[in-house]
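If you're wondering where the values come from, they're calculated on a predicted model, not measured in any experiment.
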Amino acid sequence: MRLNYTPIMTLEYTIQLATQKAITALYKIDLPLEQIVLQETRKEFEGQITLVTFPVIRLSKKSPEQTGTELGEYLKKQVKEIASFNVIKGFLNLSINDTYWIKQLQQHILKSDYGQFKPNGQKVMVEYSSPNTNKPLHLGHVRNNLLGYAVAQILTAYGYEVIKVNLINDRGIHICKSMLAWTLFGNNETPESSGLKGDHLVGKYYVIFDKEYKKQIEELQNAGQTEEEAKKNAPLIRQAQELLLQWEAGDEQVITLWKKMNSWVYAGFDKTYKKLGVDFEKYYYESDTYLLGKDIIEEGLTKGVFFKKSDGSVWIDLTADGLDEKLVLRADGTSVYITQDLGTAQLKYNDYQMDQSIYVVGNEQDYHFKVLFLILKKLGKTWANGLYHLSYGMVDLPSGKMKSREGTVVDADDLIDEMITTACKRTEELGKIDGFSEEEKQELYRMIGLGALKYFLLKVEPKKRLLFDPNESIDFQGNTGPFIQYTYARINSILTKAHYVQHDANHSTSLTAVERDLLVTLIKYPTIIEASAKEHSPAHIANYIFELAKLYNKFYHEEPILKAEDTSVKQFRLHLSAGTASVIKKGMQLLGILVPNKM
RNA sequence: GGACCUGUGGCUCAAUUGGAUAGAGCACCUGACUACGGAUCAGGAGGUUAGGGGUUCGACUCCCUUCAGGUCCA
């Protein structure tokens, strides 16, 4: 049964309507529904749903306590789910009867598609990863990839049709640098001959270029040139620029080399993507799109959105919007970044006619996207309203920013391998996986290592910057991926032992406090998906699953499951365990994290 | 010069978008039916939410200002 709305909403709506009636009956006042504020009851108080009475007090002209009590009494009579209530300060805490919570288990939580919303008929594109083809992926890219993938998963669960897209920056001066260095110093080295992963091989020559380039600059400076002159005059940079011109002219040899080196990089990226578990429906290449956008410039000029300066360059004046004047086409008629992005945006829309489009790009480009979206709106593109920049903070090292050219990066492949190795060590120390084949072991280490890494990166609010200390390895205890995986494995073990089969999960006796807490938390899952989707933030999901796992462990310690004396209690607790396991698995899946049956 | 983002116990993060006594994890200290899986659980200690002012029944959250870190635009 797919959801139209979150399960708890039905009950909340009932309570809101009843409250509205109560206010009319008691105080002869009509209060709009949105002023009736419900929230989750804080753990230290009794009850599950809380009505904030302050907005009502202004009208009732009575004390918070009295208002709360009057409303509580009315609601208790009118809403059958409300078993009791208490009033503390201005807060009316409502206790919902156990029957209601137990019913949710059967009706929603244990359903195989729990958490999946009905298709909403909207298409959304998520563009992420967007690498350059001159170097391998690093930790920053990893954050980008995981975010993009998770957001895509979450939006799918929320009922969108999602198209995952990768726009590859495969042209420009940077790749020419690698090409040149390889030609000059490479001795025909290939991934096969060197055993290097393709992207690492090309990245190696990017670094060599930089090193040699710096040498030349120094020599020129010693010969009396200023730094600025030297940077411009160094033979290597001139050659690279020449190479770029040849590329643009379609020089056959250059194109062949370019294709060859890019194919190495793609083979390397594919491996990394596969390890990370991310994928794309469609690849766009900047070599195809970099000339786009010029017709949009024309369109803007005729519409009077852009203006031409005397030197022939084209601009847009955004000062009225609090921004600057922005160049959109150079005097010599060549594009700038934003020109092609305008064109690419139009191209993507023509291809898919999506309702929304999300760009997963670092926050250093906040200004760029603000301008891009604003221009498209000014051009009258109605679809521009669906554009969204999912801006995330940089991943910094204790030493500062990562810089590929200077070699101060945390390489994605290295990091992944390291995580897997650590997972292997930890697991072997604990020695709980007797009977695993070698293949199963490797599979498990990958699951745990990547689970730790992914959870570490996704539990933080995207827009916050992330500090990563390579010397302090990522934790496996506490608020971590492995903790959650462990909880899942533990539940799985119990269910297996009990030969659990899912069937009617009715239960008539009353609930213990932890059992009720667990149910209340479990039924919140769709609400979290909704918030997560609306805010484009996987962190909500991550924190929620952690809360759930923690709560289950508490339950596990407080209440006997297999040893429960009453068989119906035992059955019920097994159902509860199964529901928890299922939500953990689904939630982790939204983050792109797998959970093991045993670990 | 202008604009944007961030600032919460020693460290890493939360806080239902303006609600109750600001919650977790790591690290530290104490403990757990002689483990239904201890990668667990219970408890302790640790906070003027960067500083100051304002708005109101109520502010980590909104406004003003100062400071610190980061980023972008010309």
Side-chain angles (χ1 to χ4, degrees), chain A residues 8 37-45 49-55 57-58 63-64 87-93 318-319 321-327 362-371 391-394 396 400-401 423 426-427 429-430 432-433 448 451-452 455-456 459-469 472 474-498 514 524 527-528 530-531 534-535 539-540 542-544 546-547 549-564 570 573-574 577 598-599:
Chain A
I8 200 77
V37 186
L38 295 178
Q39 64 188 41
E40 202 180 309
T41 305
R42 290 197 142 224
K43 260 189 265 158
E44 59 265 41
F45 303 108
I49 297 178
T50 293
L51 176 74
V52 184
T53 63
F54 293 108
I57 286 162
R58 210 169 300 153
S63 74
V87 182
I88 295 166
K89 293 188 182 175
F91 299 90
L92 170 60
N93 301 322
L318 299 172
T319 46
D321 300 278
L323 305 172
D324 299 306
E325 280 191 0
K326 180 82 188 170
L327 176 74
N363 63 8
E364 51 199 352
Q365 300 208 36
D366 283 356
Y367 187 82
H368 174 78
F369 281 103
K370 222 189 235 178
V371 172
S391 160
Y392 62 89
M394 298 287 99
D396 289 329
K401 209 179 165 176
R426 284 287 288 159
T427 308
E429 274 165 23
L430 292 169
K432 290 195 259 188
I433 50 161
I448 298 175
Y455 188 86
F456 178 82
K459 76 172 179 195
V460 181
E461 195 68 26
K463 74 173 169 187
K464 292 203 174 175
R465 78 187 252 274
L466 207 64
L467 197 77
F468 178 78
D469 189 344
E472 254 175 66
I474 293 175
D475 242 310
F476 282 71
Q477 279 170 27
N479 188 357
T480 66
F483 168 83
I484 295 163
Q485 290 171 321
Y486 170 79
T487 308
Y488 179 85
R490 178 187 242 182
I491 298 174
N492 193 265
S493 154
I494 292 175
L495 294 179
T496 311
K497 230 172 237 177
V514 214
K524 234 166 46 177
T527 313
I528 303 295
E530 182 172 55
K534 285 183 176 166
E535 291 169 42
H540 287 301
N543 289 315
Y544 166 79
F546 174 61
E547 184 196 342
K550 224 174 27 168
L551 194 56
Y552 183 84
N553 283 320
K554 185 185 158 105
F555 160 72
Y556 172 91
H557 276 268
E558 284 183 15
E559 315 286 357
I561 301 169
L562 295 177
K563 290 178 182 166
K570 174 177 163 184
R573 289 184 180 159
L574 284 171
S577 301
K598 235 181 121 176
M599 68 186 270

Give me, pair by pair, the N or O atoms of the protein and of nucleotides 25-34 of chain B that are less than 3.5 Å apart, along with how far apart they are.
residue: B:rG25; atom: O2'; partner: A:Asn479; partner atom: N; Å: 3.0

Quick check on [N]: is either OP1 or OP2 less than 4.0 Å from any side-chain nitrogen or oxygen of [X]?
| X | N | answer |
| --- | --- | --- |
| A:Lys497 | B:rG37 | yes |
| A:Tyr556 | B:rG38 | yes |
| A:Tyr367 | B:rC72 | no |

task: Tell me, please, which residues at least two apart from A:Phe456 pass side chain to side chain contact (heavy atoms under 4.5 Å, CB included).
output: A:Phe468, A:Ile474

What is the nucleic acid contact for [X], judged by heavy atoms within less than 4.0 Å: base, sugar-phosphate only, or nothing?
| X | answer |
| --- | --- |
| A:Ser391 | nothing |
| A:Phe476 | base |
| A:Gln365 | nothing |
| A:Asn93 | base |
| A:Ala489 | base |
| A:Met599 | base |

message: When you compare the ring of A:Phe54 with the six-membered ring of B:rG19's base, are the centres less than 5.5 Å apart and the planes under 30° from each other?
response: yes

query: Is A:Phe91 stacked on the base of B:rA20, meaning ring centres closer than 5.5 Å and planes within 30 degrees of each other?
result: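 It does: the two rings, one from A:Phe91 and one from B:rA20, meet the stacking criterion.
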
query: Can you name the residues that form a side chain to side chain donor-acceptor pair (under 3.5 Å) with A:Arg465, not counting sequence neighbours?
result: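 Side chain to side chain donor-acceptor pair (under 3.5 Å) list for A:Arg465, sorted by chain: A:Asp396.
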
message: Applying side chain to side chain donor-acceptor pair (under 3.5 Å), can you list everything that pairs with A:Asn93, at least two apart in sequence or on another chain?
response: A:Thr50, A:Asn86

- prompt: Judged by atom type as modelled, is there a donor-acceptor pair below 3.5 Å linking the side chain of A:Asn492 to the main-chain atoms of A:Tyr488?
  reply: no

message: Go nucleotide by nucleotide along RNA chain B from the 5' end; which of A:Phe456 and A:Thr487 gets its closest nucleotide reached first?
response: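 The answer here is A:Phe456.
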
query: With nearest nucleotides of RNA chain B determined for A:Lys326 and A:Phe483 from heavy-atom distances, which residue corresponds to the more 5′ nucleotide?
result: A:Phe483

What side-chain donor-acceptor pairs closer than 3.5 Å can you find for residues 478-485 of chain A, not counting sequence neighbours?
residue: A:Asn479; atom: OD1; partner: A:Tyr455; partner atom: OH; Å: 2.6
residue: A:Thr480; atom: OG1; partner: A:Phe476; partner atom: O; Å: 3.4
residue: A:Thr480; atom: OG1; partner: A:Phe483; partner atom: N; Å: 3.2
residue: A:Gln485; atom: NE2; partner: A:Met447; partner atom: O; Å: 3.1
residue: A:Gln485; atom: NE2; partner: A:Leu594; partner atom: O; Å: 2.8

When you compare the protein's N or O atoms with those of nucleotides 5-9 of chain B, which come within less than 3.5 Å of each other, and at what distance?
residue: B:rU6; atom: OP1; partner: A:Lys463; partner atom: NZ; Å: 2.7
residue: B:rG7; atom: OP1; partner: A:Lys464; partner atom: NZ; Å: 3.2

